[in-house]
Amino acid sequence: MIRFEIIGTGGYVPKKILTNADLEKMVDTSDEWITTRTGIKERHIAREDEATSDMVIKAAEEAINEAKIDREEIDIVIVATVTPDTAFPSASCWVQKGLGIKNIPVFDISAACTGFLYGLIIGGSLIQAGTARTVLVAGSETLTKITDWKDRGTCVLFGDGAGAAILRKTERDAGLLGYTWHADGSLGHLLSLPAGGSRLPASETTVKEGLHFLKMQGNEVFKYAVRYMGESAVNAIKKAGITSEDIKLFIPHQANIRIIQSTCERAGIPMEKTYITIDRYGNMSAATIPVSFRDALREKLIKRDDIVLFSAFGAGFTWASLVLKY
Ligand code: ACO
């Protein structure tokens, strides 16, 4: 068990909402197709001048207020994102600057939709090891800034947002009861941002060819997501030494309602125990789980000592499932 307590959570989504009806005017699609194939009805879109760290700062401030701590008590900041403000400084450095906290280590995690779960494992482990007492873990994305608005196969799927949690050392019987985390880089080509890195630096040609936009072979990704989220959820439950009946709430990554339904079937979790936000947010990658967790807590669906299951799958490929005792 990795012992820690979550003492505060926060979330932020930009004001601007893009509905399926709006998308019908932009590409050859329909509300009916998007709703039945994905479960998405609307998503939030960051302003032109709004970056990934701006959203983390808002989510983190809510979490700090809820935790009733001074921000100086934070020992480490971890930001999970694949859409940082800049390649460097890291998004976490931008966040540190925005929060005005000095003299602590901060770093980013690049694990796409699985990033926040990687962050909980790493943040919790740092507390367990005695390296930190209080860790801020955030997931934030501005995927709509790397979206090709002419590609109907991807542009209907994504939304922007940020979520944060404050982890603290505790003597309580709380934290991660069990988890599995994985990656398979050999499948990376199925979901990637081809240009802008050292393999293919940004140039006039890469922009002309649209290689600075996210590319995805959706139906291939779908097959792996269904298989790996299901398998890892079952294994995390086993490792935690519990049964699926012990789970109060399942908060999966939300890329597609059909992936979630299939994961629930494989893991033996009824949809009634599964928290769904995809209709209102779309896929916010690393932000989906922390924002959904915050919303579920605000709806009082989880109380202290309840067991929550998280499961995610994303680019890399990366995937993970965690059993948390809140
Ligand atoms: N509107 C209307 N028709 C569409 C749209 C659209 N927006 N998009 C695709 N279609 C069409 C296709 O052109 C195709 O038409 P055809 O049969 O005439 O060729 C048809 O619909 C079926 O296309 P598929 O791609 O096979 O559709 P599928 O049922 O697989 O749904 C989707 C596509 C929603 C992308 C699905 O594959 C999916 O959810 N994939 C997984 C996404 C995911 O989990 N990503 C990982 C996380 S993201 C991250 O890490 C950043």
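Atoms within a ligand are numbered from 1 in the order they appear, just like the ligands themselves.
- A pairwise comparison of heavy atoms in Ser311 and Ala233 identifies OG-CB, 4.4 Å as the closest pair.
- With Asp160 contributing its side chain and Ala46 its backbone, the two residues share a donor-acceptor pair below 3.5 Å.
- A donor-acceptor pair under 3.5 Å is absent between the side-chain atoms of Thr206 and the main chain of Ala202, judged by distance alone.
- Here Asn283 has side-chain heavy atoms under 4.0 Å from ligand 1, and that is the only part of it that gets that close.
- Comparing Gly316, Gly218, Cys113 by heavy-atom distance to atom 50 (O) of ligand 1, the nearest is Cys113.
- Among all protein heavy atoms, the one lying closest to atom 24 (P) of ligand 1 is Asn219 ND2, 4.2 Å.
- Less than 6.0 angstrom separates the ring centroid of Phe317 from the ring centroid of Tyr224.
- Between Arg298 and Glu66 a salt bridge is recorded (basic side-chain N to carboxylate O distance below 4.0 Å).
- Interface of Gly153 with ligand 1, defined as ligand atoms under 4.0 Å from a residue heavy atom, comprises 8 (N), 35 (C).
- Checked against a 3.5 angstrom limit, the closest N/O atoms of Asn256 and ligand 1 fall inside it.
- A donor-acceptor pair under 3.5 Å links the side-chain atoms of Thr318 to the main chain of Ala111, judged by distance alone.
- For the pair Ile259 and ligand 1, a heavy-atom separation below 4.0 Å is found.
- With sequence neighbours excluded, the residues forming a ring-ring contact (aromatic ring centres under 6.0 Å, His included) with His44 are Tyr281, listed by chain and number.
- With a 4.0 Å heavy-atom cut-off, ligand 1 is reached by the side chain of Thr38 but not by its N, CA, C or O.
- Here Ala315 has heavy atoms under 4.0 Å from ligand 1 in both its backbone and its side chain.
- At a 4.0 Å heavy-atom cut-off, ligand 1 touches Leu191 through the side chain alone.
- Within the 4.0 Å cut-off (strictly below), no protein heavy atom is located near atom 22 (C) of ligand 1.
- Ligand 1 lies out of reach of Glu141, whose nearest heavy atom is not under 4.0 Å from it.
- Listed by atom number, the atoms of ligand 1 under 4.0 Å from Val156 heavy atoms are 7 (N).
- Residue contacts with ligand 1, taken as heavy atom pairs separated by less than 4.0 Å, involve Thr29 via backbone and side-chain atoms alike.
- Heavy-atom minimum distance, Arg168 versus Glu73: NH2-OE1, 2.6 Å.
- Distance screen at 4.0 Å: atom 16 (P) of ligand 1 has no protein heavy-atom neighbour inside the cut-off.
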